[in-house]
Every structure is written in C-alpha cells, then in structure tokens.
Amino acid sequence: MATRLTRRTSPEALGLSADDLRSMYRTMVTARLVDEAAFRLNRQGKAPFVVPVSGHEGCQVGTAWALERGRDVWVPYYRDVGVVLVAGMTPYDIFLGLFAKADDPSSGGRQMPNHWGSRRLGIISHSSPIASQLPHAVGIAYAIRYRGEDAVVGSWFGEGATSEGIWHEALNFAGIHRLPVVFVCENNRYAISVAQNKQMAIEDVADRAAAYGFPGVVVDGNDVLACYAAMKEAVARARAGEGPTLIEAKTYRYFPHTSDDDDRTYRSREEVEEARRRDPIRRFERVLLDLGVLTASDPEQIAAEIKEDVERRIDEAWAAPDPDPATLYRHVFAEPVDP
Amino acid sequence: MATRLTRRTSPEALGLSADDLRSMYRTMVTARLVDEAAFRLNRQGKAPFVVPVSGHEGCQVGTAWALERGRDVWVPYYRDVGVVLVAGMTPYDIFLGLFAKADDPSSGGRQMPNHWGSRRLGIISHSSPIASQLPHAVGIAYAIRYRGEDAVVGSWFGEGATSEGIWHEALNFAGIHRLPVVFVCENNRYAISVAQNKQMAIEDVADRAAAYGFPGVVVDGNDVLACYAAMKEAVARARAGEGPTLIEAKTYRYFPHTSDDDDRTYRSREEVEEARRRDPIRRFERVLLDLGVLTASDPEQIAAEIKEDVERRIDEAWAAPDPDPATLYRHVFAEPVDP
Amino acid sequence: MTEKNVVTAIHDALHDAMAADDRVVVLGEDVGARGGVFRVTQGFLEEFGEARVIDTPLAEGAIVGIAVGMALHGLLPVAEIEFADFIHPAFDQMVSEVARMRYRSNGDFGLPMVVRAPWGGGVHGALYHSQSVEAFFAHVPGLKVVVPSTPYDAAGMLRAAIADPDPVLFLEHKRTYRLISGEVPDEPYAVPIGPADVKREGTDLTAISYGLMLHHCLEAAARLEREHGISVEVVDVRTLNPLDRETILASVRKTGKAMVVYEDNRTYGAGAEIVATIAEEALFDLDGPLVRIGGPDVPAMGFATNLEHAFLPDVDLIAARMLELARF
Amino acid sequence: MTEKNVVTAIHDALHDAMAADDRVVVLGEDVGARGGVFRVTQGFLEEFGEARVIDTPLAEGAIVGIAVGMALHGLLPVAEIEFADFIHPAFDQMVSEVARMRYRSNGDFGLPMVVRAPWGGGVHGALYHSQSVEAFFAHVPGLKVVVPSTPYDAAGMLRAAIADPDPVLFLEHKRTYRLISGEVPDEPYAVPIGPADVKREGTDLTAISYGLMLHHCLEAAARLEREHGISVEVVDVRTLNPLDRETILASVRKTGKAMVVYEDNRTYGAGAEIVATIAEEALFDLDGPLVRIGGPDVPAMGFATNLEHAFLPDVDLIAARMLELARF
Ligand SMILES: Cc1ncc(C[n+]2csc(CCOP(=O)(O)OP(=O)(O)O)c2C)c(N)n1
Ligand SMILES: Cc1ncc(C[n+]2csc(CCOP(=O)(O)OP(=O)(O)O)c2C)c(N)n1
Ligand SMILES: [Mg+2]
Ligand SMILES: [Mg+2]
C-alpha cells in the first residue's frame with residue numbers, strides 16, 4: 001500500500017529559504033490570477049477556451065519546485081499552469097497561447113490553450129489525448145540514463161489519466177528499468193464529470209504503484225510544502241538511480257473543467273464551497289505569516305502587483321500578431337512541403 | 001498484497017467425486033496427447049502451425065473445472081487446450097481447427113489453430129492481439145448482471161497479456177462494477193522469449209489486483225486441485241455478487257511458444273528440464289494413486305485409450321472437407337455481401 | 001413533424017430507442033450526470049438509471065471492448081466516444097475485434113452495437129478536437145460507417161444503426177449539431193444504412209459530399225443556380241461503408257461532371273475512393289476532369305481562427321471550383 | 001555487392017547503423033535474446049548489449065510512445081512491431097503523437113525515429129498475421145510511410161529512414177523476406193524516401209504496385225512480354241507518403257494505360273489514391289480504363305490454404321487483367 005506523507009517538515013529542513021518561499025507563494029498567486037483573468041476574457045469573448053488551474057496551485061507548484069530549470073525535464077498536462085510557471089513560462093507566454101498568437105511558445109497558436117511545450121525550457125509538447133504523454137516521459141528518462149545524464153523527468157496528469165491503458169504501459173516500463181522519472185497524479189476526484197468512484201474501485205491512486213514495483217505516496221495537495229517534500233524525495237531517489245515514484249496529491253478544481261463545461265450538472269455547490277475552504281494559497285499564506293516570511297499586508301500587495309503585471313501582459317499579448325495562415329504547411333516535416 | 005493459496009484441501013472438501021477426479025485427469029492427459037500429436041503432424045507437414053499447451057494442463061483444467069457448462073461463459077486464449085476441452089470441445093474439434101477444415105467449430109478454417117470460439121458451448125471467439133478479449137469478458141459479465149442471470153465469466157491469459165493497456169482497462173472496469181468475472185493468469189514466466197523480469201518489476205502478477213480493488217490470489221499452477229480450489233472460491237464470490245478475482249497460476253510451458261519458435265535461443269535446456277520435474281500430470285497422478293482413485297496400471301491404460309481416440313480423430317479430421325473458397329464473402333455482415 | 005437541430009434529433013432518437021427496448025444501454029465518458037459533453041444523453045441518467053447509462057472511466061479501448069462483450073450477451077450497446085479524435089486508443093478493438101467478430105467466427109457470433117463519435121472541424125477544436133476519422137474506418141470490412149448530416153438522416157440512421165445486427169460507427173459532425181435544423185417526423189422511422197441520397201437535383205454537374213461539406217456544397221450549388229443559372233446535383237454519401245456506388249455513378253452519368261468534397265486530409269482520404277470509383281466505372285461518361293477538394297495534407301487544423309479557416313474548404317472555394325468545372 | 005534476401009538486407013543495414021552510431025537503439029517484443037521473430041535483430045543483443053537492444057513488455061502503445069521519448073532526448077530509436085497487425089494498439093501514439101509532434105510544436109520538437117513492421121499475406125498468417133496496414137498510415141500527414149520490396153531498396157531505405165529527421169513507418173512485406181533476393185552493395189548507401197522507382201521499363205501499359213504484388217506484377221509483365229510481346233512498365237511506389245506523383249504520372253502519360261495492384265482490402269485502400277491521382281491529373285492522357293486490383297473487401301485472409309489463395313491476387317489474375325487492358 002502507498003505511503004501517506006503526513007509528517008510536517010519545516011521549510012528549513014526542506015532547504016527552502018525565505019526567498020524560495022516567497023517565490024513559491026508568488027507563483028501560486030500568479031496561477032490563480034491568470035485563471036481569473038482568463039475566465040473574464042472568456043466572458044468578454046476574447047478567449048474562446050479556458051482551462052482553469054484554481055485549486056491545483058499547491059500540488060503543482062510544490063511538486064514542480066523540486067525540479068531544476070535547465071537540468072530536468074517537465075512533462076505536464078493541460079491543467080498545469082503552476083507547473084509551467086515554475087518551469088519558466090511567463091504569464092505573457094500563457095496569454096499568447098490563450099489568444100492563439102504567432103509567438104505562443106507552445107505551438108504558435110496551433111494548439112488549444114494550455115497545450116504546453118518549449119524545447120528551450122525543457123517542457124515537452126503534449127497533445128489532448130489523455131495520458132498519451134506518459135510514455136514520452138518514460139522514453140526521455142530512458143535516454144537520460146542511456147546518455148549518462150543525471151536529469152530527472154517530472155510528469156503530471158489527473159486521476160482520470162490513470163484509467164487509460166497507455167498510463168499502465170508507461171508506468172510498467174518505468175518500473176522495469178527503474179528510470180529517473182516521477183509520476184505526479186493531481187487527483188481532483190473528477191474526470192470532467194465522472195466521479196472517482198466511477199473511475200476506479202480504490203481510494204488511493206498511489207496504491208497502483210505497487211503493480212509496477214515502485215513506491216506510491218499520498219500527499220495533501222493543498223499543502224504546498226508537503227508536495228514539495230514528497231517530490232524532493234522522489235527526485236532524489238530518481239537521481240540516485242533508485243527508480244520512479246508515483247505521487248498522488250489530493251486536490252480539487254474550483255472552476256468547471258473548462259470554459260465549455262457546466263459543473264453544476266455533476267457536483268453540488270456545497271461540495272465546491274467545502275473544498276474551497278482548504279484553499280492551498282490561503283493555507284500557505286497562513287504558514288508564511290506564521291513564519292514571518294510574509295507580513296500581514298503582503299498578500300494583498302503581492303496580489304495587486306501580480307494583477308497589474310497580468311493585466312499588462314494581457315494587453316501585450318492581445319496586441320501581438322496572429323499566426324500567418326500562409327504557414328499552414330510549415331513543419332509537417334523538417335523539409336518544407338510543397339502543397 | 002495477493003493471497004498465497006498454499007493450504008491443501010482434500011478433494012472431498014472441494015466436492016470432487018472420484019469420477020470427477022478421473023475425468024479431470026483424463027482431460028489433462030488428453031491435452032498433453034493432443035499436443036504431442038500436433039507436433040508430430042507439424043513435422044509431417046500436415047499442421048502448419050501448432051500452439052502447445054504442455055505444462056499448462058493443471059492450471060487450465062483446474063480453473064476451468066469450476067465453471068459450469070451450459071451456464072457459465074469461457075473467454076480463453078490460444079494456449080487453452082485444457083480449458084476448451086473442459087468447456088466441451090473435443091479432440092476432433094481441435095484437429096479440425098489444426099487442419100483448417102470447413103467444420104472447425106471456431107472459425108471454419110478461417111483463423112489460426114487455437115483461436116477458439118463456439119456460441120453453442122459458450123466459448124467466446126477471440127483474435128490474436130493479446131489481451132484484446134479481456135474487455136469482452138467484462139462486458140459479458142456486465143450484461144449477465146444487467147439481465148439478472150447468475151452466470152460467471154472465466155477469462156484466461158498469459159502473464160504477457162498483463163502488460164497491455166487494454167488488460168488494465170478491462171480489470172479496472174470490472175472492479176468498479178464488481179462484475180461476475182474471474183481473471184486467470186497462466187504465468188509461465190515468458191512472453192515468447194521475454195522473461196518475466198523484462199515484463200514487469202514485480203514477482204506476482206496477482207499483486208496487480210489491488211490496483212482494481214479486488215482480491216489477487218497466487219496458486220501453484222502445477223497443482224490442479226489448488227487451481228480448482230482457488231477458482232471455485234472466486235466463482236462463488238462472483239456468483240454471490242462480490243465481484244472479480246485475479247488468480248495467478250504459476251506454471252511453465254514445456255515446448256517452444258509455437259511450432260514457429262525456437263526456445264533454445266532464450267532459455268536453457270536445464271531450466272526446461274527442471275520445470276518438467278514439476279509436471280502437473282505426474283503430480284496429479286501421484287495424488288490419485290495415493291487416494292486410490294487410480295490404480296497402478298491406470299495411467300498407462302488411460303493414455304493408451306486416449307491416444308487411440310486421438311489418432312482416430314486425427315484421421316477423421318484430416319479426411320474432413322476443406323472450406324469452400326466460394327465462401328470468401330460470407331459473414332462479413334449478417335446480410336450477404338455482393339462482391 | 002417537428003423542427004429540430006441535429007443534436008436534438010440524435011438525442012430524441014436515442015431516447016426513444018432506450019424507452020422502447022431495455023436492451024439498449026449507453027456507455028461512455030460523461031454520458032451520465034453530465035448528459036454528454038454535447039448533451040446527447042441529457043436526462044437519460046434520471047430516466048433510465050445507472051445500469052443503462054454508464055459513465056465509464058477514461059479508457060476508449062475499454063468503452064468499445066466492453067460494448068463488444070455486451071453485444072455478445074444480449075444487449076444493444078450504444079457507446080459514445082467523447083470526440084472522434086479519441087477513438088484512436090480504441091483502434092485495435094474497432095479493427096481487430098468489432099469489425100471481425102462475425103467473419104472470424106464464421107457467422108457464429110454477431111455484434112449488434114453502435115459506436116457514436118462527434119467529428120469534424122469548424123468548432124475551434126484545434127488539432128485534437130476537429131479530426132475527420134472516417135477514412136480509417138471506412139476502409140475496414142465488417143464495419144458499417146455512416147455520416148448523416150441532417151436532423152432527419154441522423155435520427156433515422158441512428159434508429160437503423162441500433163436495429164442493425166452488425167456494428168455501426170455513427171459519425172456526427174459537431175459543427176452541424178446546432179447549425180443545421182430541419183423537419184423530423186414525430187413517429188419513429190428509419191433511414192436505411194447504405195443508400196446515398198440526392199439532396200439536390202441538378203443537370204450540369206454532380207457534387208458528392210458528406211458532413212459539414214455537404215452543407216457547403218448545397219450552399220454553393222444554390223449560389224451557382226442563383227448567380228449563373230448552373231444546375232448542380234448534390235449527392236449526400238451518408239453511408240461510407242458500404243458505399244452506394246450506384247447512386248453516385250447514376251448521377252455522374254447523368255451530369256457528366258463530378259466533384260468530390262470532403263474536409264479530411266485530402267490524400268488517401270475517403271474522397272479518393274469515390275473519385276477512383278467514378279474513374280473506373282464512368283470514365284467514358286465524363287465530360288470534364290474529375291475534381292477533388294479535400295482538406296490540406298497537414299496534421300490538422302490550428303486553434304487560431306485564421307488557421308482553422310485556412311484549413312477548412314469553404315463555400316467560396318467550392319463555388320469557384322464548381323463554376324470552373326461547369327464551364328469546362 | 002552481395003546477394004541477399006530481404007530480411008538479411010534489413011538485418012545487415014540495421015546492424016551497420018547500430019555499429020556506426022550509438023544513438024541508434026532498437027526496442028520491441030523479442031528483439032533481444034530471440035533476435036526478433038523474423039531474426040532481423042539476430043546477434044544484436046550479444047554485440048550491442050541490453051541498453052541498446054531492448055526487449056519490451058507486450059505493449060505496442062508503449063513501444064511507440066517510449067520511442068517518441070527517446071527521439072525527443074537525443075536517441076535514434078528503431079522500434080519493432082512484431083507483426084503489423086499488432087500496431088493497432090499503438091494507433092493513438094502513431095497518429096496523435098508521432099505524426100504531429102513537429103507540427104503541433106510549430107517546429108520546436110522533431111522525432112527522428114523509425115517504426116518497423118512486417119506486413120502482408122501469403123505466409124499462412126490468417127486474419128491477424130497477414131494484414132496490410134499501409135492505408136491507415138499513408139493517410140496521416142506528418143508520417144512518412146515506406147514499402148520497399150527488394151533487398152536493395154529495403155537496406156537503402158532503412159538507412160535513409162534512420163537518417164531522416166522525421167518519423168518513418170517502415171513496412172516490410174513478410175512474404176518477400178526470404179522469397180526475394182538480389183544484389184546489395186557492401187558499402188553503406190541510401191535510397192531516398194520519396195521517389196518511386198521504375199522497376200521495369202515498358203511502353204504499352206503501366207502497372208503500379210508495391211510489396212509482394214510488385215513481384216507478381218513483374219512476373220506477369222515478363223509473362224506478357226514472353227507470350228504476347230506486350231511491354232509493361234512496372235512502377236514500384238516504394239514510398240506511400242509522400243507519394244511520388246510525378247513518376248507515376250510520367251509513366252502513365254507515356255503508356256496511356258494504368259493499372260494499380262495491391263493486396264490490401266480494395267475499397268478505400270492506398271490504390272484508391274493512386275487511381276484518383278491519375279484520374280485527376282492524367283485523365284486526358286488515358287487510352288483505356290483505369291484498372292484497380294485489390295484484395296477483396298473481407299476482414300482478412302483465412303488460414304486455410306485455399307482461403308488464403310482466394311484472397312490474394314495472383315500472377316494469373318494480374319496477367320489476365322494486363323492483357324485485357326493492353327488489348328483495350
Ligand atoms: C483519450 C481522451 N479521451 C477523452 C478526452 C476528453 N477529456 C478531456 S479532459 C478529460 C478528463 C480528464 O480528467 P483527469 O485526468 O482527472 O484530469 P483533470 O481534468 O481532472 O485535471 C476528458 C475525459 C481526452 N482529452 N482524451
Ligand atoms: C498485441 C499483440 N502483440 C504481439 C503479439 C505476438 N505475440 C503472440 S503471443 C505473445 C506472447 C504472449 O505471452 P503470454 O501472454 O505470457 O502468453 P504465453 O504465450 O506465455 O502463454 C506475443 C508477443 C500478439 N499476438 N498480439
Ligand atoms: Mg481529475
Ligand atoms: Mg507467458
């Protein structure tokens with residue numbers, strides 16, 4: 001059975017400085033504010049499609065923080081605004097994607113928003129079919145080991161993804177070869193409308209790790225430090241050649257699945273309100289206030305600063321050029337194609 | 001972790017009469033002798049393709065015996081000569097398939113040998129892609145429950161099949177709905193040439209059941225009675241609405257994967273010899289002699305009888321008509337197709 | 001008769017089939033409480049209960065494979081693939097199992113089942129929510145593949161599909177769901193699987209199409225009539241497998257000119273078969289070149305509005321090519 | 001030059017590629033100790049070691065998907081699908097991932113990888129060890145699909161495929177493995193992906209083919225020459241995507257008559273595209289009907305010898321249709 005990570009570790013013991021903590025906090029707030037802005041843009045008819053992150057900021061930023069930019073590899077999924085911010089994408093990048101602009105680093109406006117990718121940042125391009133990125137994460141981990149590098153691959157997905165056959169196949173291969181890859185399941189209890197009990201007969205996704213011969217860990221996804229701790233240990237194991245870990249972060253999504261969804265059809269407002277009471281940002285705020293890393297006025301001021309930046313980036317992104325339709329035939333192959 | 005079934009249960013306690021025991025024994029011997037005849041026919045150029053069962057007779061006959069003809073459903077795979085004999089196929093049927101004759105009950109000579117199927121016997125037609133029959137077993141179990149029937153579905157596969165995504169998907173669904181289906185893994189430690197440690201990072205396939213919320217049981221596949229006991233309990237659970245079980249029978253295949261294979265490339269003769277020392281037929285023989293169900297001369301005599309019958313069936317099957325090539329377009333759809 | 005759009009027509013036909021026969025069950029992602037992401041099964045869970053309206057895990061191979069099992073044991077499953085783009089993980093089940101069960105068992109087992117999948121572009125769906133998948137499946141013997149494009153055909157063919165003893169892949173063009181409305185009988189009726197349908201009679205040239213492009217062809221044909229007095233016959237293929245060669249060839253023989261229009265990637269697309277069939281069977285009846293309009297051979301349409309437009313053939317293009325062909 | 005059969009030529013080319021560049025790795029079922037069920041990787045495990053010769057679990061989706069990851073991180077994977085029939089569980093990876101990585105990332109990521117798969121009938125393989133899968137994949141933009149049919153082409157195109165910055169589906173006709181032999185240079189050489197090849201020059205009609213059927217066409221052409229003095233040009237398509245329209249059209253324009261021969265199910269098969277291309281581009285250069293010979297539209301060939309024969313087009317049939325067309 002999976003380990004439950006409940007032990008509280010102090011930030012110092014985790015090696016996190018006050019600056020780190022403030023940075024993590026700012027990243028979480030940024031993710032939240034990007035979401036709120038995106039939904040507003042959706043209502044204004046400027047953003048046809050929005051995939052919200054709100055509720056997942058803790059588990060995303062916490063886990064992603066344990067990887068190293070420029071060294072490690074990120075294989076996120078569409079909900080991972082927090083992960084890609086940690087990996088080095090900016091709100092400007094995200095809004096370029098939201099508006100499908102030519103300079104969208106992920107796809108130049110080809111893919112839907114939140115279909116991340118950037119060779120420069122080590123974020124692997126992914127598609128929409130759920131779980132299809134998992135074997136890529138595993139193959140990259142194989143290549144890392146083969147080439148004698150010490151990088152680690154982090155991969156993220158929802159609990160819904162664990163139902164797909166390819167998820168099973170990927171984890172099985174990673175286990176056999178003890179590859180340097182960490183699997184992070186952001187379990188928000190729904191795959192669109194399908195509740196967890198219609199997705200699996202078990203309580204903890206992390207228990208599935210036992211089928212692949214590596215550890216599974218359950219962690220409170222609303223506790224960013226616990227997520228960091230779990231991931232830090234998993235990354236260390238991976239880097240030391242001890243193989244993969246499956247981390248399950250229990251979390252919740254506050255908004256509908258996407259801007260096309262209506263979540264009132266499948267979950268009560270009370271349930272959502274109840275979940276919101278465990279908001280990872282508020283919780284982290286309290287920790288940081290207690291630690292004196294933030295002062296009482298900081299949260300409001302930080303939010304205001306970030307909001308201002310977000311608004312500026314929205315305007316810049318909105319003004320950026322659209323893709324050129326003449327590029328339709330570009331990049332089918334490395335060699336230009338003659339239509 | 002999976003349960004290990006080690007407790008010895010007496011045949012009486014299992015509800016098996018002396019007649020049952022003799023019948024089980026005869027079925028196992030028949031499977032073995034069919035194999036030996038088929039390889040001879042292969043060398044003679046009469047059977048282009050043979051899939052051997054030898055070594056698996058114990059786990060096949062033991063598990064299949066716990067289902068009821070005319071009531072339950074069988075979803076076997078290609079190695080399951082023993083299973084389909086229990087389900088009601090005859091050596092004659094098997095040789096019709098081997099020779100691809102018009103009256104082959106499985107496919108009229110369309111499919112390769114050992115691709116079983118018979119609506120009359122409740123044996124579901126299967127294909128070659130490994131593990132693809134598992135969701136069918138699960139869907140049938142769903143329909144059984146939906147229609148208020150008390151049948152149980154037995155499904156069989158090798159340990160190699162557990163690597164396929166569709167295997168995971170099928171078991172997951174069965175677990176969620178607690179369906180009346182039993183999954184029997186005949187773990188012979190190889191998928192063609194690929195040894196178990198290249199297939200999975202775990203020792204017991206049965207441990208995978210925990211990922212789906214139902215019990216996993218490891219049983220000695222060379223002990224036909226232990227296999228029967230495990231299956232009997234699983235069938236009872238399924239019939240009582242308590243859901244699926246995954247049974248892993250540890251076994252070994254004595255011959256190459258098929259007549260096209262050369263197993264000397266990937267396993268030593270010593271390993272094969274060593275495994276043969278645990279022959280399920282010889283072992284059952286000893287139990288039956290001890291119990292007085294067989295007398296000292298019975299084994300030889302039974303083998304001789306069966307051999308004679310097998311030879312006769314081979315001749316009959318060989319003389320049976322080939323398929324009519326004019327049937328090429330038949331059964332594409334229920335309505336005849338005009339080529 | 002009631003005026004309905006395509007998605008409502010499908011909803012109602014499926015509803016009636018479930019109400020009439022409790023062997024009919026639906027399964028798929030979000031078909032339960034959510035009523036389907038396109039609302040095709042809205043209200044079903046409440047009316048027919050959990051046993052018949054099955055929210056599945058996110059696993060298309062299992063959705064199709066479990067439907068196979070159900071169909072083998074007395075049920076009439078209607079499986080939903082949330083977007084046709086996501087049928088690929090079920091490809092092995094579709095090709096190796098669904099399509100071959102009857103043939104491989106020499107007629108012993110049959111599969112009365114339907115797999116519904118919303119397909120096609122023009123909905124801001126980008127690379128993975130816009131695909132045309134019909135060419136992959138129309139090529140598979142043993143599988144019936146239908147592409148109804150009007151509310152009347154959709155409802156009638158869904159009824160026929162559920163009644164069919166063989167598996168039917170039922171492709172619903174997403175863009176037509178709410179765009180296209182029409183009269184639908186209030187009584188149950190079936191539109192047979194197989195026959196193509198002449199949606200507009202004409203004498204100067206034949207346009208053969210299906211899906212959203214069919215409607216573009218009809219609009220282009222109306223424009224040509226209005227602006228140039230050119231009479232275009234528009235054939236709605238409706239069923240891709242088995243393909244109704246007779247209706248297509250009869251129309252081409254009558255007009256002497258043929259154009260095939262589809263939005264899928266052009267090369268090796270379904271339109272290639274239609275063009276090839278005409279070339280083989282009616283070469284000497286042609287008074288002009290065979291014209292084929294398909295989507296460009298790039299992986300799929302982009303999310304940016306202008307990239308999506310650059311991909312999809314539009315009415316202007318079709319009308320221009322029609323005019324050119326008519327004047328040949 | 002050395003005389004080799006197809007499977008030996010592939011073995012040797014792959015071996016040389018591995019010896020020359022340690023970024024090349026092979027992965028698949030039974031590629032290790034067993035050396036592949038067709039012996040393509042025989043001896044590789046001993047020579048190159050476990051890290052480069054990877055026996056995978058029985059999971060085609062993972063085989064292809066893991067190769068994607070390897071290709072993303074500096075390796076040059078050559079994945080083996082044991083039989084082309086078993087590529088279907090990897091269909092989503094092939095279509096949604098392999099083919100689209102470069103396009104969807106706007107050129108940021110590329111996939112230098114090869115997926116090898118033995119295909120085709122005539123080997124007693126029955127429904128699930130005989131399939132033609134080329135039509136499914138040739139239709140997918142972003143994927144190169146090659147079907148070499150001689151030892152020379154197979155070795156040369158494998159080298160080109162491994163050197164290609166884009167993914168290549170490398171289809172090897174099983175029946176040709178040991179049936180077809182020919183001279184192969186001892187020095188490394190490449191046969192470019194793309195160009196078709198005129199395997200036999202002729203003036204009276206053009207036969208366009210690939211795989212086992214190419215050899216049947218060559219034999220039929222020789223027979224026609226011998227018995228009737230008819231001169232058949234035989235074009236080996238070799239690459240299905242991108243399709244070399246120019247070579248095909250040039251030949252058809254020269255001879256004025258065209259026939260396309262393939263063993264896959266006829267309808268919506270790759271031959272449909274070739275026929276359609278000729279019909280669109282060279283309609284007025286034709287002096288006879290367009291002829292298409294394909295496998296019957298039944299799920300696949302049977303195991304019984306006579307059922308397999310009933311399925312596969314043979315030299316007699318091809319020669320008869322050639323004669324008919326030549327005399328038209
Ligand atoms: C193969 C596939 N099937 C269906 C979908 C449609 N779909 C998109 S997201 C989603 C639910 C995913 O749930 P989960 O993995 O739990 O992630 P979450 O959205 O909850 O973060 C579904 C069914 C898809 N994108 N891909
Ligand atoms: C999808 C698929 N991939 C590959 C194969 C080729 N193949 C046939 S049997 C086999 C090994 C199966 O091993 P296992 O499931 O352990 O059963 P066993 O033969 O050992 O009884 C393989 C790889 C196949 N039939 N189907
Ligand atoms: Mg979820
Ligand atoms: Mg095995």
Side-chain angles (χ1 to χ4, degrees), chain B residues 73 75 102-111 115 117-120 123-129 131-147 149 151 153 164-174 176-177 179 181 323 327 329-335 337-338, chain C residues 22-23 25 27 49-52 54-77 79 89-90 92-93 95-113 140-144 164-168 193-194 241-242:
Chain B
V73 179
V75 183
D103 292 336
D104 155 33
S106 298
S107 73
R110 287 178 168 188
Q111 289 226 68
H115 285 56
S118 163
R119 171 167 286 279
R120 185 177 61 85
I123 301 171
I124 303 302
S125 166
H126 65 94
S127 62
S128 304
S132 59
Q133 77 278 26
L134 275 309
H136 310 172
V138 174
I140 293 168
Y142 192 95
I144 285 170
R145 225 251 308 280
Y146 181 86
R147 291 156 50 112
E149 298 165 356
V153 183
E164 280 285 359
I166 194 72
W167 182 88
H168 168 76
E169 297 182 8
L171 271 75
N172 190 39
F173 193 92
I176 294 166
H177 293 275
L179 296 176
V181 52
T327 60
Y329 281 91
R330 263 174 74 178
H331 304 307
V332 176
F333 294 121
E335 289 211 355
V337 169
D338 206 8
Chain C
D22 68 7
R23 291 175 305 165
V25 300
L27 68 160
E50 265 189 5
R52 298 185 64 195
I54 307 159
D55 262 332
T56 65
L58 214 169
E60 290 74 13
I63 292 171
V64 173
I66 284 163
V68 167
M70 291 170 161
L72 285 170
H73 203 78
L75 306 190
L76 301 174
D92 186 50
Q93 285 291 323
V95 173
S96 303
E97 305 300 320
V98 174
R100 293 175 184 220
M101 182 64 79
R102 186 180 295 281
Y103 195 79
R104 79 175 180 224
S105 68
N106 207 20
D108 207 16
F109 293 94
L111 293 178
M113 60 182 279
V140 179
L143 200 59
K144 298 185 180 181
D164 202 289
D166 286 305
V168 179
I193 291 173
N241 187 24

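Chain letters run A, B, ... following the sequence lines, proteins first, then strands; residues in each count from 1. Note that the coordinates shown come from a computational prediction; the quantities given were computed from them, not determined experimentally.
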J.: Quick check on the interface: out of C:Pro77, C:Ala99, C:Gly61, who has the most heavy-atom pairs with chain B under 4.5 Å?
T.: C:Gly61

J.: Under a 4.5 Å cutoff for heavy-atom pairs, which residue among B:Ala143, B:Ala141, B:Pro105, B:Ser125 has the most contacts with chain C?
T.: B:Ser125

J.: With a 4.5 angstrom heavy-atom cut-off, could you sort out which part of C:Asn106 is near chain B: side chain, backbone, both or neither?
T.: both

J.: Of the listed residues (C:Val25, C:Asp164, C:Ile54, C:Thr56), which shares the most heavy-atom pairs with chain B below a 4.5 Å separation?
T.: C:Ile54

J.: Which atoms of C:Val64 come close to chain B, meaning under 4.5 Å heavy atom to heavy atom: side chain ones, backbone ones, both, or neither?
T.: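 For C:Val64, there is no contact with chain B at all, as no heavy atom is under 4.5 Å.
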
J.: What residue in C:Ala51, C:Pro141, C:Pro165 has the most heavy-atom pairs under 4.5 Å with chain B?
T.: C:Ala51

J.: Quick one: which of C:Gly65, C:Gly74, C:Pro242 has the most heavy-atom pairs under 4.5 Å with chain B, could you say?
T.: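 Between C:Gly65, C:Gly74, C:Pro242, the count favours C:Gly65.
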
J.: Does any backbone or side-chain atom of C:Asp22 lie under 4.5 Å from a heavy atom of chain B? Answer side chain, backbone, both or neither.
T.: both

J.: Contact part of B:Tyr146 toward chain C, heavy-atom cut-off under 4.5 Å: side chain, backbone, both or neither?
T.: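 For B:Tyr146, the contact with chain C is made by the side chain alone.
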
J.: With a 4.5 angstrom heavy-atom cut-off, could you sort out which part of B:Ile123 is near chain C: side chain, backbone, both or neither?
T.: backbone

J.: For chain C, which of B:Asn172, B:Ile144, B:Ile176, B:Val138 has the most heavy-atom pairs under 4.5 Å?
T.: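 Option with the greatest count: B:Ile144.
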
J.: For B:Arg119 and C:Gly110, work out which heavy atoms get closest and say how close.
T.: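 Where B:Arg119 meets C:Gly110 most closely, the heavy atoms are NH2-N, 4.5 Å.
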
J.: Looking at B:His177, B:Glu169, B:Arg330, B:His168, which one has more heavy-atom pairs under 4.5 Å with chain C than the rest?
T.: B:Glu169

J.: Would you compute the distance between atom NE2 of B:His136 and atom CG of C:Leu72 and round it to the nearest 0.5 angstrom?
T.: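 If we round to the nearest 0.5 Å, B:His136:NE2 and C:Leu72:CG are 7.5 Å apart.
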
J.: Could you look at C:Asp92 and say if it's the side chain, the backbone, both or neither that has a heavy atom under 4.5 Å from chain B?
T.: side chain

J.: I'd like to verify something: which residue of C:Arg100, C:Met70, C:Met101 has the highest number of heavy-atom pairs under 4.5 Å with chain B?
T.: C:Met70

J.: So how far is it from B:His331 NE2 to C:Arg102 CZ, rounded to the nearest 0.5 Å?
T.: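 Rounded to the nearest 0.5 Å, the NE2-CZ separation comes out at 8.5 Å.
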
J.: C:Val98 and C:Pro167: which non-hydrogen atoms are nearest, and at how many Å?
T.: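 Heavy atoms only, the tightest pair is CG1-CB, 3.3 Å.
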
J.: Shortest non-hydrogen contact from C:Ala79 to C:Ile63?
T.: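 Between these two residues, the closest heavy atoms are CB-CG2, 3.8 Å.
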
J.: Per the side-chain hydrogen bond (donor to acceptor under 3.5 Å, both in side chains) rule, which among B:Ser107, B:Ser106, B:Ser128 passes with B:His115?
T.: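 By the side-chain hydrogen bond (donor to acceptor under 3.5 Å, both in side chains) criterion, B:His115 pairs with just one of B:Ser107, B:Ser106, B:Ser128: B:Ser128.
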
J.: C:Leu58, C:Asp108, C:Val68: which one forms the most heavy-atom pairs within less than 4.5 Å of chain B?
T.: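 Max contact count across the listed options: C:Asp108.
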
J.: Side chain, backbone, both or neither: which part of B:Ile124 has a heavy atom under 4.5 Å from chain C?
T.: both

J.: Does atom CD of B:Glu335 have more than 12 heavy-atom neighbours, drawn from other residues, nucleotides or ligands, at distances under 6.0 Å?
T.: no

J.: Please confirm whether the backbone N or O of C:Leu143 pairs with a side-chain atom of C:Asn241, one donor and one acceptor, at under 3.5 Å?
T.: yes

J.: Looking at side-chain heavy atoms only, is the closest gap between B:Leu134 and B:Ile166 below 4.5 Å?
T.: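 SC-SC contact between B:Leu134 and B:Ile166 ruled out.
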
J.: Please check this pair: side chain of B:Arg110 against backbone of C:Tyr103, looking for a donor-acceptor N/O pair closer than 3.5 Å.
T.: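 Answer holds: yes.
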
J.: Given the options B:Gly117, B:Gly109, B:Ser118, B:Ala137, which has more heavy-atom pairs under 4.5 Å with chain C than any of the others?
T.: B:Ser118

J.: Under a plain distance cut-off of 3.5 Å, with no hydrogens placed, do B:Ser132 and B:Ser127 share a side-chain donor-acceptor pair?
T.: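 Indeed, the side chains of B:Ser127 and B:Ser132 share at least one donor-acceptor pair under 3.5 Å.
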
